[in-house]
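For the numbers below, each heavy atom of this structure counts, side chains included, while hydrogens, waters and symmetry mates do not.
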Amino acid sequence: MTDDYDAGSIQVLEGLEAVRKRPGMYLGDPHDGSALHHCIWEVVDNSVDEHLAGHTKQIDIVLNDDHSLSVRDYGRGIPVGIHEEFGISAAEVIMTKLHAGGKFDNSSYKVSGGLHGVGVSAVNAVSEWMEMTIHRDGIVYFQRYETGIPVEDLKEIGTCDENDTGTHISFKPDLTIFTNVTEFNLEEIETRVSETAFLNAGLKITILDNRGEEPHQAEHLYEGGLAEYVGQLNERREVLHADVITIAGDKDIEKGLVEVEVALQWSDAFSESIRCYTNIIRNKDGGTHMSGLRTALTSSVNAYAKKKNLLKGDSLSGDDVREGLAAVVSVKHPDPSFSSQTKDKLVSSEVTGIVQTIVYDKLGEFFEENPAVAKQIVEKALLASKAREAARKARDLTRRKGVLEGGGLPGKLADCQSRDPSECEVYLVEGDSAGGSAKTGRDRRIQAILPLRGKILNVERQKHNAAKVFQNQEIQTMIRALGAGVGNNSEDEGSFDPEKLRYSKIIIMTDADVDGAHIRTLMLTFIWRFMRPAIDKGHVYIAQPPLFQLTKGRVSKYAFTDEERDTILEELRGDNPNAKIGVQRYKGLGEMNPEQLWETTMNPETRTMLKVTVKDAEESDRMFEILMGEDVPDRRAFIERHAKEVTNLDI
């Protein structure tokens, strides 16, 4: 290696080479499945753009048994003429040149999600191969690419009926780029496709999965649009008003017409569920349309409540107004701006005011015309406000008693010696016996141990009884030990602040049995509902203790899965199939002595941990509601739907 840094050190990544080198910049993380599935949506969204332009009513998606995927639309077909500047077909330009496409000047597409022009070319770059078949003007054209490079020029391979038009794209992801998650997830595809069909009333999207023993077929066609979508979001909830509130409006701006469509319905749920879309593409991090909707909802409900003398004290907060709300906001914009190529967040500033004005005006009209529904919505918000105030008082009362802060650290806590949070970690351990082993086996300099007795309170069932949450002994102990406050609303005094955390890692360590899984879920539920920034900022982990110890003579090895156990068994037996191997199945952490616990689960050099992350906050919220809430039919349906996926059943 040399330290020379001169003109020869400067590299220029030409064309699609840059995408293969840094796929995360264009498609998302290539290791956790997000980029893999984003490839599908870059291709599908191009077909949806053809629908938005009025040229296709059907899109077909096929998951092939060779792990490739195909998308077929019946639109105009990608242009095939020779591009003046590059001297190759326009189709090849689109497939091989970044920032190439027909969506920049609004002449071919009035609205479109694919504005960066890197989407399908980026997919081509990260594919082992891609095949493009175009039906246009009675001729069928074909071209194949390998790692983004054309194998041959676009060529005619046959004829077709003049009315048979469209584009067929097949691609196989390159597994030298994609790791860890390398298989397309049918459930994730079904979810995204159903969203797209809801947002495009009348568009039929079919899915055919040929990967299993029996083909799986599904069809998504929803004539009811956003209202039907919101109805589905609330299908297992008790709704406050039977009919979904629908709002539509538009406004001309310099770039063209911005169209807004919103559907709203309140239920008895405690959380909000708002889904945002721009030009049919999901913006999971919201953006300016979300801001406009939230502001309008708060203003509109408060204005009506004051006008009808339904408000006795302070104005209702946005959180109060949105409790139990399921909503979809869809914006069609001629030239939207996103925070990144993955389009997770809309940043077009003018959209805030447009959505806010349209929703405020139309919702105000709806309230005047439907006073009974309006009153129910206000009463729901007032109930949420009372519960929030009760929670604040309960927390303040507990804090004044010195339970949540001050008064020293909890006696149960075996703290670490270091006072540098960046290197410190705390283990939340199930039970005193495991806590004892962990205290003895730990690295005292950086590892703290907090044993918790039994199962903590299920906070999901205490949404309107916060006093009970803050009175729970184990929860009080956790709050004091972490030292960063409690509560997800950053505007409240004493709310959770990750900057004040005494430890950079909060590690949940429970037994590897069904009770341990339940305790872990209860802890995660509490952290999600009262300390969510700890998860958002990546501070929460789950320890992975071994399931088995295998012993032959003086040799001991540990296995974390059944498959690993079988592999080690074969390895220890060697040439002697009758060799005596001792196999111990650990049911509890307390069964391990301190040295074993350190060696397998706590040593930073050798341990395995799962980091708790959030891909979709809204879906995570819904999962906690289903699994830990009071809706038994919802939970039963979830269990029945996923029963076949269970891999570790403890009876």
Side-chain angles (χ1 to χ4, degrees), residues 9-47 49 64 66-71 73 77-104 108 112-134 141-155 167-182 184 281 338-344:
S9 306
I10 307 302
Q11 295 182 352
V12 178
L13 298 177
E14 300 261 341
L16 302 188
E17 186 186 347
V19 184
R20 290 185 64 81
K21 188 78 172 173
R22 297 282 184 269
M25 291 175 60
Y26 301 88
L27 297 164
D29 192 329
H31 310 300
D32 67 358
S34 55
L36 181 74
H37 290 86
H38 193 78
C39 288
I40 305 172
W41 312 131
E42 288 292 354
V43 179
V44 170
D45 289 343
N46 284 340
S47 296
D49 288 339
N64 303 304
D66 64 351
H67 305 292
S68 67
L69 184 136
S70 304
V71 179
D73 67 49
I78 298 173
V80 296
I82 298 299
H83 193 280
E84 277 187 32
E85 182 182 348
F86 296 104
I88 55 177
S89 70
E92 186 176 328
V93 171
I94 289 170
M95 292 293 169
T96 59
K97 306 292 183 188
L98 295 179
H99 308 292
K103 304 171 184 177
F104 297 107
S108 301
S112 163
L115 292 168
H116 295 71
V118 301
V120 74
S121 57
V123 178
N124 190 16
V126 298
S127 296
E128 181 183 324
W129 56 260
M130 177 180 276
E131 293 180 346
M132 170 179 62
T133 307
I134 300 167
Y141 300 87
F142 176 83
Q143 189 171 26
R144 179 181 170 94
Y145 305 84
E146 294 178 2
T147 62
I149 300 167
V151 174
E152 57 190 340
D153 291 339
L154 185 73
K155 63 182 181 182
T167 303
H168 185 281
I169 300 288
S170 294
F171 69 95
K172 183 177 182 180
D174 188 340
L175 298 190
T176 65
I177 292 174
F178 298 100
T179 61
N180 299 338
V181 180
T182 56
F184 293 120
I281 293 173
F338 300 102
S339 59
S340 68
Q341 167 60 17
T342 52
K343 307 180 182 80
D344 289 338

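- When atom types are taken as modelled, the side chain of Asn64 and the backbone of Asp66 share no donor-acceptor pair closer than 3.5 angstrom.
- Between the CG atom in Asp153 and the OH atom in Tyr141 there is a gap of 14.0 Å [rounded to 0.5 Å].
- Between Lys343 and Asp45 there is no salt bridge, since no side-chain nitrogen of the basic residue lies less than 4.0 Å from a carboxylate oxygen of the acidic one.
- Proximity of Arg20 to Thr176: side-chain heavy atoms (C-beta onward) are separated by under 4.5 Å at one or more points.
- At least one donor-acceptor pair under 3.5 Å links the side chain of Ser34 to the backbone N or O of Asp29.
- For the pair Asp73 (side chain) and Thr167 (backbone), a donor-acceptor distance under 3.5 Å is present.
- Once rounded to the nearest 0.5 Å, the distance linking CD1 of Ile149 with CD of Glu17 reads 9.0 Å.
- Using a 4.5 Å cut-off on side-chain heavy atoms (C-beta onward), Ser170 and His168 make contact.
- In this structure, SG in Cys39 is found 8.0 Å from CE in Met130, a value given to the nearest 0.5 Å.
- The distance from the CD atom of Glu131 to the CD atom of Glu146 is 9.0 Å, given to the nearest 0.5 Å.
- The side-chain heavy atoms of Glu92 and Gln143, taken from C-beta on, include a pair separated by under 4.5 Å.
- Side-chain contact check for Val126 versus Ile177: some heavy-atom pair is nearer than 4.5 Å.
- Counting only heavy atoms from C-beta outward, the side chains of Tyr145 and Val151 never approach each other to under 4.5 Å.
- Minimum interatomic distance between Gly28 and Ala35 (heavy atoms only, all atoms of both residues): O-CB, 3.3 Å.
- For the residue pair Thr147 and Asp174, no side-chain donor N or O sits within less than 3.5 Å of a side-chain acceptor on the partner.
- You'll find the side chain of Ser121 stays beyond 4.5 Å of the side chain of Lys97, heavy atoms only.
- Val123 has its side chain out of reach of Met95: every pair of non-hydrogen atoms, C-beta onward, lies at least 4.5 Å apart.
- In this structure, His37 NE2 and Leu27 CG are separated by 13.0 Å, a value rounded to the nearest 0.5 Å.
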Atom pairs and distances, donor-acceptor, side-chain atoms in residues 77-85, under 3.5 Å, two or more places apart:
unit_1	atom_1	unit_2	atom_2	d
His83	ND1	Glu85	N	3.3

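- Here the shortest heavy-atom pairing between Phe171 and Val43 reads CE2-CG2, 4.1 Å.
- Looking at Thr96 and Pro150, their side chains come closer than 4.5 Å, going by heavy atoms from C-beta outward.
- When all heavy atoms of Ile134 and Ala91 are compared, the closest pair comes out as CD1-CB, 3.8 Å.
- Taken from NE2 in His31 to OG1 in Thr179, the straight-line distance is 4.5 Å, to the nearest 0.5 Å.
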